[in-house]
Amino acid sequence: MIESEMAELSKTYDPRTVEPKWYQRWIDNHDFEADANSKKKPFSIVMPPPNITGVLTLGHVLNNTIQDILARRARMQSFEVLWLPGMDHAGIGTQTAVERWLKKNEGVRRRDLGREKFLERVLEWQDKHGGIIIQQLKRLGASADWTRQRYTMDESYARAVAEVFVDLYKKKLIYRGRRMINWDPAAQTALSDEEVINKPQRGNLYYVRYEIADQPGKFLEVATTRPETIMADTGVAVHPKDKRYAKLVGKDVWRPMPREKIPVVADDAIDREFGTGILKVTPAHDTLDFEIGQRHKLPVIDVLTPDGKIDCPSVPELHGLDRFEARKTAAELLEARGLLAKAEPYENNVGFSDRSDVPIEPRLSEQWFLKYPKTKEALAVVKRHLIRFWPKHWEKVYEQWIKNIRDWCISRQVWWGHRIPAWYRNGQTKVQIKSPGEGWIQDNDTLDTWFSSWLWAYETMDEKTRKKFYPTSTLVTGPDIIFFWVARMIFAGLEYKPGKSKKTEDNIPFHNVFFTSIIRDKQGRKMSKSLGNSPDPLDLIDKYGADGLRFGLMRIAPTGQDIRFDEKQIEEGRNFATKLWNVSRFRQMHGPVSEWRDDLRVVQRTGQSPSLQLSIYAIEVLARLNETIDAIEKGYREYEFNLIAQRLYDFIWSDYCDWFVEAAKTEIFSEVESKKKSALGAMDHVLSAIVRLLHPFMPHITEELWSLLGLGTGSIQFASLPKKFALKDVDLKKRKLVAGIYETVQAGRNLRAQARIPSNQKAKFALRSKQSGLESEQETIARLLNASELIADPNFIAGAGTPIATTALGEILLIVDVDLSAERERLDREIAKVEADLRVVESKLTNKSFVDRAPRDVVELNRQRQKNFAEQLEKLKQARERL
RNA sequence: GCGCGGUUAGCUCAGUGGUAGAGCACUACCUUGACACGGUAGGGGUCAGAGGUUCGAAACCUCUACCGCGCACCA
């Protein structure tokens with residue numbers, strides 16, 4: 001329990017002291033810790049584990065703010081909340097980072113150290129430099145249960161990963177085989193298909209001449225982008241129906257270098273339109289070529305080393321060269337020998353390693369593969385909406401991937417990671433966790449990091465926790481890992497059924513998946529380290545506060561679209577926090593909060609004190625609060641966080657600050673105690689609702705205000721959400737009156753601005769209105785108009801040239817000496833405008849189809865408008881005539 | 001090639017059949033008793049284009065253009 005502190009609010013809000021203070025208290029109070037024995041309904045989220053080497057990016061901020069919002073909202077709704085955090089060991093990434101660090105600081109390479117020593121150094125490095133991101137997430141205000149923090153390399157977790165491997169092997173879903181895989185020559189490991197990204201690359205298409213063996217002097221031209229792999233050609237292929245080359249099939253041609261006879265084969269896979277319609281078949285270095293090679297029993301010659309250099313001693317000019325260097329040299333060699341017909345500029349797609357950003361090499365290699373389990377079921381649970389994707393359109397992307405799914409290459413030639421539990425001796429293989437004994441050597445490879453991540457949704461929980469919190473409620477993640485992680489977690493959940501029963505709905509890993517937007521810079525480029533266009537969120541927190549950053553980001557985070565990031569938007573978040581702070585300060589200047597802040601109906605009901613009624617402005621702001629509450633609820637249901645933020649922003653800034661507080665000043669500064677009390681009570685009620693509704697987005701400032709103003713006992717974190725205020729039928733009339741008053745005020749201010757009366761100068765107004773109930777509101781209208789005097793007289797006679805505007809209430813006049821011609825012009829403009837409006841409405845109403853077929857309320861609305869416009873026009877014309 | 005988004009004010013974006021909106025930027029006035037990280041008022045849009053459905057389209061349908069993403073191709 002936190003004691004409320006009625007200290008005076010300082011002039012400016014200082015997030016730098018307030019935010020860490022509250023975060024520490026929340027931690028000290030164990031507020032984020034989940035109780036698996038709780039009787040409350042569960043709400044759970046597993047945090048997508050950031051890499052242990054990672055530092056906080058704006059993407060993390062967005063992601064974790066959303067999770068925090070959901071967790072905090074759920075706590076206020078009396079759910080038992082588990083937000084389970086953790087980190088990922090990120091095999092390749094961490095290994096690369098540590099290697100780089102060792103090289104820079106100690107000049108040591110991984111292979112110099114050897115596997116054991118290197119892994120020791122990784123652990124050392126990890127203790128010293130790893131996990132910074134966790135501290136950064138705390139600075140953001142993330143309410144995760146840090147006592148349950150997990151790591152993919154935790155002993156029990158690692159064991160589970162190995163057990164899953166063994167199990168899937170036994171089920172014959174995991175197998176080892178020699179196949180074409182994606183090879184990353186920089187990281188020197190195999191990759192999965194998902195880790196390869198295609199990029200268009202500019203290069204050349206080389207037309208190479210292959211001499212026909214039995215027709216010396218006659219050549220075939222073969223188009224290729226990769227002349228450096230010619231040495232690995234073991235055939236050329238044409239389409240079986242290609243008449244141009246039909247006679248050559250079965251014959252041999254001379255491979256240019258090293259000169260050797262290779263056969264011409266016919267294969268359906270050949271595109272007759274491409275190049276010359278002849279393909280050089282290089283089975284070792286291309287997936288399609290490999291398949292063709294298999295079909296025609298062509299030998300496989302590998303001419304590349306694992307790090308992407310040419311390995312071909314018989315062509316010494318190329319041997320040892322880097323593959324890209326060799327491409328140029330090979331072209332030159334061919335040209336020098338007269339074997340290059342031409343080279344033309346050409347753009348094609350090249351697969352790049354997602355991690356190393358170098359072109360991958362298709363390579364024949366012995367690797368472990370997984371045949372995915374439960375793919376059909378995984379598709380079904382999404383299609384049947386047992387798992388809902390938000391926004392929905394990701395379902396289609398997911399479906400497309402699953403339908404074209406191919407086996408997953410899960411072994412990595414990396415030391416850092418979960419070592420594959422396979423053992424070899426004399427050509428025998430055993431798959432088990434412990435060594436089978438003397439002479440058995442464990443597989444050197446480790447598992448793809450995602451092979452451990454796919455168990456994250458349940459392997460991070462012990463049995464009791466799982467019983468309470470699995471399946472999790474919502475997963476919040478970026479759409480870029482829908483295949484890497486989301487889909488695979490669904491497979492794992494369905495395969496291993498960690499839920500409380502064997503029913504499908506108890507074993508899906510989550511009920512909802514919210515895919516966040518991707519943050520781009522102002523130019524629309526992806527945030528990246530190399531571009532240096534990614535601001536450090538910690539700098540932003542220092543400048544604008546964590547709450548400012550969170551709110552600013554959430555207000556612009558659309559669903560299913562990219563966000564263009566602009567620091568201005570974070571500044572707005574900070575400004576909003578300041579606004580809230582100041583309007584709270586205003587309240588606090590007028591004494592302690594009312595005891596009936598939670599239930600204003602008490603005020604309405606106080607038959608004991610009839611004068612303690614809610615003002616019409618209070619009714620209006622309460623009605624708008626109701627609308628806001630509804631809109632927010634809908635926003636949470638649909639995962640539209642930008643909408644929620646926007647509604648809160650509008651309500652607080654416009655409805656509450658600009659209108660209600662300004663209007664309520666009449667009563668607050670009034671001598672009549674009951675009026676003052678009523679206004680302050682309404683304020684307290686609304687303020688209390690505001691901070692609670694805002695708390696998930698801006699946890700620190702709202703907790704500070706909750707406490708400083710004494711709005712409730714205990715932490716705001718567990719306060720219940722505000723309920724809607726019960727409005728009566730008569731309140732509708734009051735709202736109408738308020739709408740008229742506000743409209744009149746705006747019209748009056750407009751007159752004043754047009755008459756160029758400075759803002760700080762009080763002006764005299766007159767109001768011609770037959771509206772009842774206005775007498776008591778005169779003072780407030782005058783205040784809002786900054787009027788020296790407001791003459792309320794339905795029959796007020798104004799002098800010629802008096803600026804006038806018509807509103808729902810009647811007419812508002814600015815009593816001032818003006819230039820008649822200017823006022824004439826102004827009125828003429830106004831008349832023209834209203835006439836145009838009137839024409840539009842009348843054309844609608846004379847349209848029989850419209851009147852017959854449009855909904856009645858729409859027609860009615862237009863009739864009303866016609867009447868209003870006509871009246872307005874009449875009055876304006878009268879005013880014009882008097883000039 | 002297939003699929004998915006998007007195109008609304010100078011900028012960033014709301015707006016899914018009924019009077020085109022917000023914030024920023026801009027202009028004018030203003031340190032007035034919460035706030036200049038502020039207040040008040042204002043200017044600014046043939047809603048990418050064409051066609052269709054409809055009494056009525058920014059919204060629904062079709063096509064086109066451009067931007068982005070995914071998958072496939074990638075000799």
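Order of the sequence lines fixes the chain letters, A, B, ..., with proteins taken first and strands second; residue numbering starts at 1 for each chain.
When the C1' atom is compared between B:G3 and B:G43, the two are found 44 Å apart, to the nearest whole Å. Distance check on atom P: B:A25 versus B:A20 gives 27 Å, rounded to whole Å. The P atoms of B:C47 and B:C11 are separated by 16 Å, rounded to the nearest whole Å. For the P atoms, the distance from B:G52 to B:A59 is 14 Å, rounded to whole Å. Between B:G15 and B:A57, the distance separating the two C1' atoms is 14 Å to the nearest Å. Going from the P atom of B:C66 to that of B:A58 covers 25 Å, rounded to whole Å. Separating the P atom of B:U64 from that of B:C2 is a span of 11 Å, rounded to the nearest Å. Taking the P atom of each, B:G42 and B:A22 are spaced 11 Å apart, rounded to whole Å.
Across all strands shown, nothing is found opposite B:G17 as a Watson-Crick or G-U wobble partner with both distances under 3.5 Å. Across all strands shown, B:G1 is found opposite B:C71 as a Watson-Crick or G-U wobble partner, with both distances under 3.5 Å. Under the Watson-Crick or G-U wobble criterion, with both distances below 3.5 Å, B:G42 is paired with B:C26. Base pairing of B:U7: its partner is B:A65, meeting the Watson-Crick or G-U wobble criterion (both donor-acceptor distances under 3.5 Å).
At a threshold of 4.0 angstrom between heavy atoms, the contacts of A:Q569 are confined to the sugar-phosphate backbone, with no base atom among them. Note on A:I482: nothing from the nucleic acid sits closer than 4.0 angstrom, heavy atoms only. Within the 4.0 angstrom heavy-atom criterion, no nucleotide atom of any strand lies near A:N862. Residue contacts shown for A:L643 are absent, as no nucleic acid heavy atom lies under 4.0 Å away. Counting non-hydrogen atoms under 4.0 angstrom, A:R406 reaches the backbone sugars and phosphates but no base. As judged by a 4.0 angstrom heavy-atom cut-off over every strand, A:R226 is placed among residues making no nucleic acid contact. Heavy atoms of A:P479 sit nowhere under 4.0 angstrom from any nucleic acid atom.
Close to B:G3, at under 4.0 Å from its OP1 or OP2, lies no side-chain N or O of A:K396.
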**Request:** Using a 4.0 Å cut-off on protein heavy atoms (strictly under), produce a 5'-to-3' string for nucleotides 35-46 of chain B with B for base contact, S for backbone-only sugar-phosphate contact, and - for none.
**Result:** B-BSBSSS----

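For A:N404 against B:C71, a side-chain-to-base donor-acceptor contact under 3.5 Å is absent.
Between the side chains of A:Q646 and A:D650, at least one donor N or O sits under 3.5 Å from an acceptor N or O. A donor-acceptor contact closer than 3.5 angstrom is absent between the side chains of A:R226 and A:Y206. In summary, the side chains of A:Y210 and A:D233 do present a donor paired with an acceptor at a separation below 3.5 Å, with no hydrogens or angles considered.
Between the CZ atom of A:R647 and the P atom of B:G15 there is a distance of 12 Å, given to the nearest Å.
Centre separation under 5.5 Å together with a plane angle under 30° holds for the ring of A:F669 and the six-membered base ring of B:G33, marking them as stacked.
Take A:R202 and apply the side-chain contact (heavy atoms from CB on, under 4.5 Å) test, not counting sequence neighbours, and it matches A:E347. The side-chain contact (heavy atoms from CB on, under 4.5 Å) test applied to A:R637 returns A:E633, A:K634, not counting sequence neighbours. A:H700 meets the ring-ring contact (aromatic ring centres under 6.0 Å, His included) test with A:W26; sequence neighbours excluded. Here A:D267 pairs with A:R295 under the salt bridge (charged side-chain N to carboxylate O under 4.0 Å, His left out) rule; sequence neighbours left out. For A:F389, the ring-ring contact (aromatic ring centres under 6.0 Å, His included) test picks out A:Y398, A:F515, with sequence neighbours left out. In this view, A:E195 and A:R412 satisfy the salt bridge (charged side-chain N to carboxylate O under 4.0 Å, His left out) rule, not counting sequence neighbours. Contacts of A:D242 classified as side chain to side chain donor-acceptor pair (under 3.5 Å), with partners at least two apart in sequence or in another chain: A:R244. Shown here are the ring-ring contact (aromatic ring centres under 6.0 Å, His included) partners of A:F576, two or more places apart in sequence or in another chain: A:F551, A:Y649. By the salt bridge (charged side-chain N to carboxylate O under 4.0 Å, His left out) test, A:R783 is found to be paired with no residue, residues two or more places apart in sequence or in another chain being considered.
When each of A:I405, A:D407, A:I402 is paired with A:Y372, the side chain to side chain contact (heavy atoms under 4.5 Å, CB included) condition holds for A:I405 and for no other.
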For nucleotides 56-58 of chain B, list the nitrogen or oxygen atoms of the protein found under 3.5 Å from its nitrogen or oxygen atoms, one pair per line.
none

Report, one pair per line, the protein and nucleotides 66-70 of chain B atoms (nitrogen or oxygen only) whose separation is under 3.5 Å.
| residue | atom | partner | partner atom | Å |
| --- | --- | --- | --- | --- |
| B:G70 | N2 | A:Q400 | NE2 | 3.3 |

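Proximity note for A:M589 (side chain, C-beta onward) versus B:A34, B:U19, B:G23: the nearest is B:A34.
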